[in-house]
Undergrad: 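Before I ask anything, here is the structure I am working with.
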Amino acid sequence: MEGTLTARDKVGVQDFVLLDAYTSESAFLDNLRKRFSENLIYTYIGTLLVSVNPYQELGIYTMSQMELYQGVNFFELPPHVYAIADNAYRMMCSELSNHFILISGESGAGKTEASKKILQYFAMTCPMTESLQIARDRLLLSNPVLEAFGNARTLRNDNSSRFGKYMDVQFDFKLLEGGEEELLAYLGLERDPKLYKYLSQGHGANESSINDKNDWKTVSNAFSVIDFTEDDLENLFGIIASILHLGNVCFGENHQGCAIIPVTHEIKWIAKLLGVQPSVLLEALTHRKIETKTEEVICPLTLELSLYARDAMAKAVYGRMFTWLVNKINSSLVNKEFTKKTVIGLLDIYGFEVFDKNGFEQFCINYCNEKLQQLLIERTLKAEQAEYEMEGIEWEPIQYFNNKIICDLVEERHKGIISILDEECIRPGPATDLSFLEKLEEKVGKHAHFQTRKLAGPKGRKRIGWMEFRLFHYAGEVTYCTKGFLEKNSDLLYRHLKEVLCRSKNSILKECFLVAELENRRRSPTVGTQFKNSLSSLLEILISKEPSYIRCIKPNERKEPSKFDDFLIRHQVKYLGLMEHLRVRRAGFAYRRKYEHFLQRYKSLCPDTWPHWQGPPAEGVERLIKYIGYKPEEYKLGRFIKGFINRDKPLCPDNEEFIVFVRKNYILNLRYHVPKNVLDESWLKPPGILENASDLLRKMCTRNLVRKYCRGLTAERKALMQQKVVTSALFRGKKEGYAESLNKPFANSRIDEGEINPKVLQLISDEKIQYGVPVIKYDRKGFKARQRQLILTQKAAYVVELAKIKQKIEYSTLKGISTSNLSDGLLVIHVSPEANRHKGDAVLQCDHVFETVTKLVMLVKKENIVNVVQGSLQFYISPGKEGTIVFNTGPEEQIYKDKDGQLTVVSACVWGGR
């Protein structure tokens, strides 16, 4: 690394672990300042990258820079985001392991720009095929689309990522600034953003550091590459325009104190763009539908509640539209070749936020950062300790603040702040922000990291609900105002409005609100709980991967080049945990090199090793450091490399640990090279060290032993393994949930013979039962759910209710089997309409869908009969009549009949943030 440095590169130290005063925050800041003054924005803490936003172009992201960092040892070149990207890619390829890069920092620190640079690096340096070239273009161009719809202007940042559920109704002006005149006229919009309430809140709408006209051209080009159709764009822009019109809807009051809309100009535009009746929309914005046991009652809303309904509609429409947009982009990026076995995840997430007034959004964001901070510290310490344990090196564990106590305060079931908030949102009676605060004082008031105080109104007036509570986060204390917590945690979109949106002729909007009807009958999770569940899913994904970290710092509030605000940066250094991370690195051994590399670099310092050392590198290094005069406590020689050097020798104490390590990695890598069937000869070849070693353990890795093991299986067990191979051919890379099903063994049957009614057994006594499973059958006309059994014999499939056979499907009449590409358990057995006594196709739902379809396919013995569909499918009901099943994703699994008479199947969605 030192050999590649210019005089400019040597300003300060480019790795904080080399700081002499590594415990001094002032020394840390001084080094950061020196480097920033020379436009050296990157500095390492070991393998963690600290990045300071320069707020100017530096010319360090050229193609030649990408080529310079490609395939180079991590510390051989000055710190750079490309080094992080290349190191993750090389480690993924060499170790066949999954990685993630976590980019964190506060709004305006440059997180999104860092993620763009990493994506560009991967796109330009990785091997490319024609299909991957298409995916690359879509990946790069997805950024401007997501920014256009997912970013907003905030007090801190003109282009702040607001991905997630907590999105202010403040949108970019690209549609307005850059849109063609014809498009604006079609949408009923004018170019001046100040004319729209949702765009003109806060500081001036046109005072921006962003060129919206240029961005609009980029976004328009991206839409065509990412595979959006003309209808998609028409519906998408219609939704955006309708929200702008919605913000300008003004309400008044009649003589009874009920809300009215005196001027309906905006209502007509919204109705036109969303494909709904103006009168129906007008009523839904000023009235609420209440269900009693015997009837539905339409009640007028007050002015305040109508304003809430309008804004709730805007947020719900935009939020669900953005989710649709993310899903659309994700589907366009799917690797259709299904050859990639490992991944690098890239997480660009909002950083810790502290404003003068902090609300529900900041509470969720900071909770997220608490969890990610906990992950960073634990993974750093765990990785460090694991390496020292492997090398046989003792070290003193670092004491650090375990913020689990704060995470529990927020998320603990029944006791945490989110649970208390949920209870207030659903309890009967008048719940208010004040009652929520009082409940907090009652349940967590004595917690060491929690305080409350009440804000009184002006003198002489009654106290109002402007209340605060304070949390002591790992990054410092933050005071939150509870005003709006209940409102933002609840679904304020009244049923009346949901029904209107469900009937929209705008296909995107209709798709987004298909689950609205069922949400009224089954309470969906609150916003806080959805956020907690999504965060939990995200952490599960991250924990399963090897981490790299980029910590982004904002040097000043005014986004001025070369300005270094000590107070602001000191605060970020603290809450990003950089000093803590540095202490962890320094507590161990910050400099680690292989014996060969260390000897090659420093052999000139010792007469015994210069110019050539003839013996083992480990002994040369030991001779070298003793000559230099290092004290024993200043260095440790690892034993792992000694095993590598002696890897070709017979098993002995010097190489035993290394051979065990190689054997473990080989067995783990077998996961990604499973043969087509158990008797296949093409097993992954073991490394030479395992072929030549004489110990019994290495035999577990040879294909002879594997084949011997397979031959020793019972016929029953071998048949079940063969079924898994068939399942792979049917569903691998096609249906969600397949990967998770791999570790779940198949069973001969899910129903014992004693669970089948004797009358049924008598009716099919001449056929041998091959498999049985409980299912739910959906009637073909009304879609009522019925508990049934599906019995498979050698000749036919039987749908059984207690003692009755409700439907017999002979395999000769079976036309096909359909499932969705999502994680639901629905399957449709299609039967030839010409079959005698035909009752239509069978619509079934099963907890063991992979197993059931596989068994059925192997019994039918027909090729290409399984169809994995996306979006929807048609099924036969009776001559001339077909039904439709629509597949979608949502907060929870649901199956219900929608207003259009279709069966809607909703699979639980997973985290879709970047």
Side-chain angles (χ1 to χ4, degrees), residues 96-98 131 135 327 330-345 537-538 540-541 543-545 668-678 680 684 717 719-748 750 771 773-776 790 792 816-829 844-860 862-873 885 887-890 892-893 895 905-912:
L96 291 177
S97 57
N98 295 323
S131 61
N327 291 336
N330 283 343
S331 66
S332 77
L333 297 176
V334 171
N335 180 7
K336 304 293 193 302
E337 295 180 350
F338 304 114
T339 56
K340 190 173 182 181
K341 308 300 182 186
T342 52
V343 300
I344 296 178
S537 299
L538 172 66
E540 286 181 11
I541 293 171
I543 289 171
S544 68
K545 295 176 172 58
L668 289 175
N669 288 340
L670 280 175
R671 295 177 297 173
Y672 306 108
H673 301 276
V674 179
K676 294 180 180 179
N677 61 65
V678 293
D680 197 331
L684 179 67
R717 183 63 180 157
L720 292 175
M721 291 180 67
Q722 186 63 44
Q723 290 171 17
K724 281 281 188 178
V725 176
V726 174
T727 307
S728 174
L730 294 173
F731 294 109
R732 185 183 179 195
K734 300 176 184 177
K735 183 172 176 63
E736 291 181 10
Y738 168 75
E740 291 77 8
S741 74
L742 290 176
N743 62 352
K744 299 174 182 177
F746 280 179
N748 285 324
R750 299 292 172 176
Y771 178 73
V773 63
V775 296
I776 295 175
L790 178 64
L792 305 183
I817 306 165
S818 294
T819 69
S820 81
N821 65 321
L822 302 178
S823 60
D824 58 85
L826 200 90
L827 66 135
V828 178
I829 302 176
L844 309 173
Q845 193 257 331
C846 176
D847 290 338
H848 306 279
V849 66
F850 294 107
E851 179 181 276
T852 303
V853 174
T854 299
K855 304 268 192 183
L856 185 54
V857 166
M858 296 182 74
L859 287 167
V860 173
K862 291 182 181 179
E863 295 183 358
N864 304 321
I865 63 169
V866 176
N867 183 27
V868 181
V869 304
Q870 296 184 18
S872 64
L873 66 83
I885 303 176
F887 299 97
N888 208 336
T889 58
E892 60 181 348
E893 295 180 356
I895 300 180
V905 181
V906 182
S907 298
C909 59
V910 297
W911 175 274

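Computed from a predicted structure; not experimentally measured.
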Undergrad: To the nearest 0.5 Å, what is the distance between CG (N748) and NZ (K855)?
TA: 5.5 Å
Undergrad: Any side-chain heavy-atom pair from L856 and I829 closer than 4.5 angstrom?
TA: yes
Undergrad: Is there a side-chain contact between V849 and K735, using heavy atoms and a 4.5 Å cut-off?
TA: yes
Undergrad: Rounded to the nearest 0.5 Å, how far does CD of E893 lie from CD of Q845?
TA: 8.0 Å
Undergrad: Please name all residues satisfying side-chain contact (heavy atoms from CB on, under 4.5 Å) with L859, sequence neighbours left out, ordered by chain then number.
TA: Q770, L792, Y811
Undergrad: According to side-chain contact (heavy atoms from CB on, under 4.5 Å), who are the partners of T727, at least two apart in sequence or on a separate chain?
TA: F731, Y738, F746, F850, T854
Undergrad: Are L873 and F887 close enough that some pair of their side-chain heavy atoms sits under 4.5 Å apart?
TA: yes
Undergrad: If you look at every heavy atom in T889 and V906, which pair is closest and at what distance?
TA: C-CG1, 3.6 Å
Undergrad: Sequence neighbours left out, what passes side-chain contact (heavy atoms from CB on, under 4.5 Å) with A739? Give chain and number order.
TA: none
Undergrad: Quick one: are Y771 and M858 in side-chain contact, heavy atoms under 4.5 Å?
TA: no
Undergrad: N867: which residues meet the side-chain contact (heavy atoms from CB on, under 4.5 Å) condition with it, sequence neighbours left out?
TA: S818, V869
Undergrad: To the nearest 0.5 angstrom, please state how far the CD atom of Q723 sits from the CG atom of L730.
TA: 11.5 Å
Undergrad: Could you tell me which non-hydrogen atom of V868 sits nearest to which non-hydrogen atom of S820, and how far apart they are?
TA: CG1-O, 3.6 Å
Undergrad: Say you draw a straight line from CG of L790 to CD1 of I776; how long is it, rounded to the nearest 0.5 Å?
TA: 13.0 Å
Undergrad: Within the distance-only criterion (no hydrogens, no angle test), does the side chain of K734 pair as donor or acceptor with the backbone N or O of N821 below 3.5 angstrom?
TA: no
Undergrad: What are the two closest heavy atoms between D824 and L826, and how far apart are they?
TA: OD1-N, 3.1 Å
Undergrad: For E736, is there any backbone N or O sitting under 3.5 Å from a side-chain donor or acceptor partner on S823?
TA: no
Undergrad: Please assess L827 against C846 for the test side chain to side chain contact (heavy atoms under 4.5 Å, CB included), listing each intermediate value before the final yes or no.
TA: CA-CA 8 Å; L827 66 135; C846 176; 4.0 Å; yes
Undergrad: Give the minimum heavy-atom separation between K724 and K744, together with the two atoms involved.
TA: NZ-O, 2.7 Å
Undergrad: According to side chain to side chain donor-acceptor pair (under 3.5 Å), who are the partners of T819, at least two apart in sequence or on a separate chain?
TA: none
